[in-house]
*Asks:* 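The structure's right below; bear with me while I get my questions together.
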Protein chains: 2
Amino acid sequence: MSPLFKYYRTMATYELEHPEIADVTLTDVLFALSDPARLEIVREVAAGPLDMAACGATNPDLPKSTKSHLMKVLREAGIVRNVPNGRGRLVSLRKDELDARFPGLLDSVLGA
Amino acid sequence: MSPLFKYYRTMATYELEHPEIADVTLTDVLFALSDPARLEIVREVAAGPLDMAACGATNPDLPKSTKSHLMKVLREAGIVRNVPNGRGRLVSLRKDELDARFPGLLDSVLGA
DNA sequence: GTGAAGGTTCCAATCTTTTCGAACCAACCG
DNA sequence: CGGTTGGTTCGAAAAGATTGGAACCTTCAC
């Protein structure tokens with residue numbers, strides 16, 4: 001086992017875990033969307049997949065650990081997908097899946 | 001001034017404050033709905049106005065101070081209206097107002 | 001190589017929510 | 001009047017969320 005093992009799961013290039021859409025709960029989704037900073041990220045990503053480095057344009061000097069945490073909450077709630085992409089990560093909205101699971105929810109939140 | 005003054009604003013028969021619908025924020029609404037116990041109350045009330053004593057049927061032995069607090073969060077978020085009614089209080093969903101302010105939101109949450 | 005950019009985890013401090021007993025009052029019933 | 005029911009506030013304890021620095025790793029550019 002490599003001496004780097006400890007970091008295998010933390011490297012930006014490795015896969016992070018995403019919940020199955022069937023396991024996503026309504027209350028977790030609502031909670032994740034109930035924070036202004038997280039909701040803002042969702043709005044940005046709703047326009048199309050975005051490099052993580054690029055999103056958060058409205059919050060330019062958000063510390064990276066904070067941004068990483070906000071993203072984790074969105075990912076664990078099942079709202080975004082976050083995949084390795086070169087040196088960084090690409091974030092996308094799980095729109096089709098969410099629309100199937102909670103019809104109309106995302107549109108009404110984003111439309112508000 | 002009456003010695004009872006201290007309690008004028010807390011008596012079950014007096015009016016509680018409700019936010020104007022225009023002042024209700026999306027994130028406060030989402031947050032209030034993100035708790036399972038609160039969401040359950042909203043589902044019960046969605047069928048029609050309910051005596052506070054009657055709602056919470058699913059949580060029969062919830063302490064009253066806890067129930068009062070859950071209700072307060074819902075009221076302050078602008079989701080329910082809570083008016084004096086005889087010895088108790090009547091709770092109702094602010095459905096029309098919420099539908100106008102956040103079209104489709106309530107239906108998608110309740111439909112989920 | 002070396003260096004910078006991008007991103008994660010760990011940890012600790014702080015702040016916010018949650019929970020529930022206690023004290024209290026009004027309304028109703030006998 | 002005296003007891004019960006319904007419901008609020010206050011206060012304190014416990015649990016959870018947020019924030020940001022530090023340490024660390026990779027990939028890319030030079």
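In what follows, chains carry the letters A, B, and so on, assigned in the order in which the sequence lines appear, proteins first and then strands, with residues in each chain numbered from 1. Note that the structure is a prediction, hence the values are computed from the model and not measured.
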*Asks:* NA contact type, B:M71, heavy-atom cut-off 4.0 Å: base, sugar-phosphate, or nothing?
*Replies:* nothing
*Asks:* Specify the separation, in whole Å, of atom CD of B:E15 and atom P of C:dA26.
*Replies:* 16 Å
*Asks:* Let me confirm one number: the SG-CD distance from A:C55 to A:E40, rounded to the nearest 0.5 Å.
*Replies:* 10.0 Å
*Asks:* Among D:dT9, D:dT27, D:dT19, which is the nearest nucleotide to the side chain of B:L16?
*Replies:* D:dT9
*Asks:* Quick one: B:L70 CG to C:dT19 C1', roughly how many Å, whole number?
*Replies:* 9 Å
*Asks:* Could you tell me whether the side chain of B:S65 has a donor or acceptor atom within less than 3.5 Å of a complementary atom in the base of C:dG21?
*Replies:* yes
*Asks:* To the nearest 0.5 Å, what is the distance between CG (B:L16) and CZ (B:R81)?
*Replies:* 11.5 Å
*Asks:* Would you mind telling me which residue lines up with the more 5' stretch of DNA chain D, A:D35 or A:K64, judged by nearest nucleotide?
*Replies:* A:D35
*Asks:* Counting only side-chain heavy atoms from C-beta out, which of C:dG7, C:dC20, D:dT27 sits nearest to A:R89?
*Replies:* C:dG7
*Asks:* Of all the choices, C:dA27, D:dC28, D:dT9, which nucleotide is nearest to the side chain of B:S68 once you look at every atom?
*Replies:* D:dT9
*Asks:* Can you tell which of D:dG6, D:dT9, C:dC20 lies closest to the side chain of B:A53?
*Replies:* D:dG6
*Asks:* Side-chain contact, heavy-atom cut-off 4.5 Å: A:F31 with B:D35?
*Replies:* no
*Asks:* Starting from C1' on D:dT18, measure out to CG on A:L62 and report it in whole angstrom.
*Replies:* 11 Å
*Asks:* Please report, rounded to the nearest Å, how far the P atom of C:dT9 is from the CD atom of A:E17.
*Replies:* 11 Å
*Asks:* Report the nucleotide, chosen from C:dG21, D:dT9, C:dT18, that has the shortest atom-to-atom distance to any side-chain atom of B:P63.
*Replies:* C:dG21
*Asks:* Using atom CG of B:D51 as one end and atom P of C:dC28 as the other, report the distance to the nearest whole Å.
*Replies:* 13 Å
*Asks:* Between C:dC20, C:dG7, D:dA17, which nucleotide gets closest to the side-chain atoms of A:F31?
*Replies:* D:dA17
*Asks:* Are A:R38 and D:dT18 close enough that a side-chain N or O sits under 4.0 Å from OP1 or OP2?
*Replies:* yes
*Asks:* Over how many whole Å does the gap from B:H69 atom NE2 to D:dG11 atom P extend?
*Replies:* 15 Å
*Asks:* Can you tell me which nucleotide in D:dT8, C:dG6, C:dT8 comes closest to the side chain of A:R87?
*Replies:* C:dG6
*Asks:* Verify side chain to side chain contact (heavy atoms under 4.5 Å, CB included) between B:L98 and B:L105, making sure each step is shown before the conclusion.
*Replies:* CA-CA 8 Å; B:L98 285 167; B:L105 181 60; over 6 Å; no
*Asks:* Starting at CE of A:M52 and ending at P of D:dT27, how long is that distance when rounded to a whole Å?
*Replies:* 17 Å
*Asks:* To the nearest 0.5 Å, tell me how far B:L93 CG sits from B:D96 CG.
*Replies:* 9.0 Å
*Asks:* Please report the distance, rounded to the nearest Å, between NZ in A:K67 and P in C:dT8.
*Replies:* 9 Å
